[in-house]
Visitor: 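Quick one: the structure is below, and I'll ask about it shortly.
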Amino acid sequence: MKSILDYETVALIDEDDAIEIIDQTLLPGKTEMIRLHTGKEIWDAIYLLQVRGAPAIGVTAGFGIYLLMKHSEADSYEQFMEEFGEKSDYLNSSRPTAVNLSWALKRMESHVRKFYEEIASSNDGTVDAKNSAGDFSEKKSLIIAEMKAESERIKKEDVEVCRKIGEYGVELIKDGDGILTHCNAGQLATCKYGTATSPMYLAHEKGYKIKVYCDETRPLLQGARLTAYELQSAGIDTTLLCDNMSASLMKSGAINAIFVGCDRVAANGDAANKIGTSVVATVAKRYNVPFYVCAPTSTIDINTPTGDDIKIEQRKPEEVTEMWYKERMAPEGVKVYNPAFDVTDNELISGIVTEYGVLRAPYDEAIRKLFE
Ligand code: MRU
């Protein structure tokens with residue numbers, strides 16, 4: 001029987017001008033693929049978390065901007081780029097914290113600019129100043145084809161990068177280990193392997209008997225609905241716990257290491273991830289459990305100096321008071337605190353696992369070197 005791991009998290013269906021995603025809001029009860037055609041549909045799918053997880057959002061944005069520009073009627077490069085900017089800003093406004101969204105859009109933009117410079121250069125090396133409609137339509141087709149190729153590269157690289165994170169991360173795991181994770185930084189948040197789950201999948205591949213504990217992750221239950229589901233589907237020994245149970249689990253000695261994903265790592269190593277991650281990290285420090293953040297370099301934002309500079313998404317109160325319950329479980333009118341992410345201070349992080357290896361403190365130095 002087909003398992004959830006056999007579905008593609010995000011796929012470009014070019015002949016239908018669509019992005020196909022698994023609607024993650026319906027998991028694990030129902031596996032339904034949906035196709036996104038318009039900018040609004042893409043924006044909503046990201047905002048509503050039908051597609052979620054920093055890398056998967058990045059891949060969706062890459063495909064999204066390609067599709068939104070595919071039938072552009074711009075008849076000059078300047079017009080094309082103006083339209084690009086508007087559409088890109090719109091997609092970028094769907095969620096503020098995961099840097100992969102703006103990273104992918106910026107990557108697409110700089111690729112287009114570089115490519116245009118190349119094709120617009122005349123034989124003597126100067127940029128063609130003529131931008132008549134006739135001239136540009138040919139160039140536009142070439143740019144669109146390049147945009148498609150670049151968006152597909154972003155997806156392909158995501159799989160390779162996640163695999164690499166797994167290869168470095170598995171070195172931090174021993175046969176028989178108990179591992180805790182928070183939220184879903186799994187295959188469903190990427191295009192394969194996940195980030196935090198990649199070391200687990202590779203440990204499983206190696207025949208290690210690991211036990212993975214998943215925080216359910218209030219209020220949107222990504223741990224229960226997604227991580228527990230995908231790990232169990234892979235045949236990994238999986239145990240679910242409520243978020244407020246992880247301290248007692250760590251105290252009991254059942255946890256040898258913690259792996260979490262990340263939405264944005266600041267230049268000093270502070271890491272924003274799903275709300276509750278910093279609680280796990282703080283408790284881990286108390287009980288001497290190593291706490292690893294798994295982050296592709298596309299999630300490291302050297303332009304954000306510290307965690308205090310990361311914009312944290314605030315979400316609707318109903319996610320806390322009503323969602324998942326048969327009836328409302330909080331008094332009408334009560335104020336609700338519902339940030340989607342928190343920032344784990346770098347001193348609580350034992351290592352940041354990237355596709356280039358495991359970064360260790362001092363993180364500002366390690367990150368600077370990585371980007372050099
Ligand atoms: O709100 P979500 O579900 O998009 O939050 C996801 C996370 O916090 C993940 O840990 C993070 O994006 C990394 S995914 C590899």
Side-chain angles (χ1 to χ4, degrees), residues 9-10 21-25 27 45-61 94-104 155 157-159 161-166 169 180-201 214-231 243 258-265 271-281 291-301 310-316 319-320 323 338-344 349 352-355:
T9 309
V10 187
I21 58 166
I22 307 168
D23 181 351
Q24 298 194 28
T25 61
L27 294 174
I46 296 174
Y47 177 73
L48 295 171
L49 275 61
Q50 288 174 306
V51 58
R52 38 128 329 264
I57 295 173
V59 173
T60 306
S94 53
R95 293 194 80 189
T97 306
V99 71
N100 299 60
L101 176 58
S102 58
W103 170 87
K155 176 172 174 178
E157 284 170 25
D158 179 54
V159 177
V161 161
C162 287
R163 174 87 199 179
K164 275 284 174 203
I165 287 175
L180 178 73
T181 189
H182 189 77
C183 191
N184 174 265
Q187 172 158 321
L188 288 162
T190 63
C191 293
K192 203 173 160 84
Y193 305 112
T195 57
T197 55
S198 187
M200 304 172 202
Y201 285 124
C214 308
D215 278 351
E216 74 174 342
T217 318
R218 282 279 294 153
L220 296 180
L221 308 182
Q222 289 92 332
R225 297 187 303 105
L226 310 176
T227 311
Y229 185 41
E230 61 164 274
L231 293 176
D243 300 331
I258 297 165
F259 288 86
V260 296
C262 187
D263 285 81
R264 189 183 299 237
V265 181
N273 190 47
K274 180 51 56 195
I275 190 72
T277 303
S278 71
V279 179
V280 175
F291 177 90
Y292 299 108
V293 170
C294 297
T297 47
S298 54
T299 302
I300 303 178
D301 181 7
I310 300 175
K311 183 164 184 210
I312 300 295
E313 177 184 6
Q314 303 290 326
R315 293 187 64 92
K316 289 191 192 145
E319 289 180 350
V320 176
M323 215 167 162
N338 188 19
F341 302 96
D342 61 20
V343 174
T344 299
I349 300 172
I352 301 178
V353 188
T354 75
E355 69 271 34

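We're numbering straight along the sequence, starting at 1. Treat the numbers as computed from the prediction; the structure is a model and nothing was measured. All ligand and atom numbering here is 1-based and tracks the order in the structure.
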Visitor: Under 3.5 Å, is there a donor-acceptor pair linking the side chains of Asn184 and Glu230?
Guide: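 Yes.
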
Visitor: At a 4.0 angstrom heavy-atom cut-off, what protein residues surround ligand 1?
Guide: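 For ligand 1, the residues that come within the 4.0 Å heavy-atom cutoff are Leu49, Arg52, Gly53, Ala54, Pro55, Arg95, Cys183, Asn184, Ala185, Ala189, Thr190, Thr195, Gln222, Gly261, Cys262, Asp263, Asn273, Lys274, Phe341.
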
Visitor: Closest approach of Ala189 and Pro55, non-hydrogen atoms and distance?
Guide: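 It is O-CD, 3.4 Å.
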
Visitor: Go through the side-chain N and O atoms of Glu355 and Thr297 and say whether any donor and acceptor fall under 3.5 Å apart.
Guide: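 Side-chain D/A pair, Glu355 to Thr297: present.
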
Visitor: Exactly one of Thr97, Asp301, Thr299 should register a side-chain hydrogen bond (donor to acceptor under 3.5 Å, both in side chains) with Arg264. Which one does?
Guide: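 Checked Thr97, Asp301, Thr299 against Arg264; only one passes side-chain hydrogen bond (donor to acceptor under 3.5 Å, both in side chains): Asp301.
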
Visitor: On the ring face of Tyr201, is Arg163 found with NZ or CZ under 6.0 Å from the centre and within 45° of the axis?
Guide: no

Visitor: Decide whether Asp23 and Thr25 meet the rule of one side-chain donor and one side-chain acceptor closer than 3.5 Å.
Guide: yes

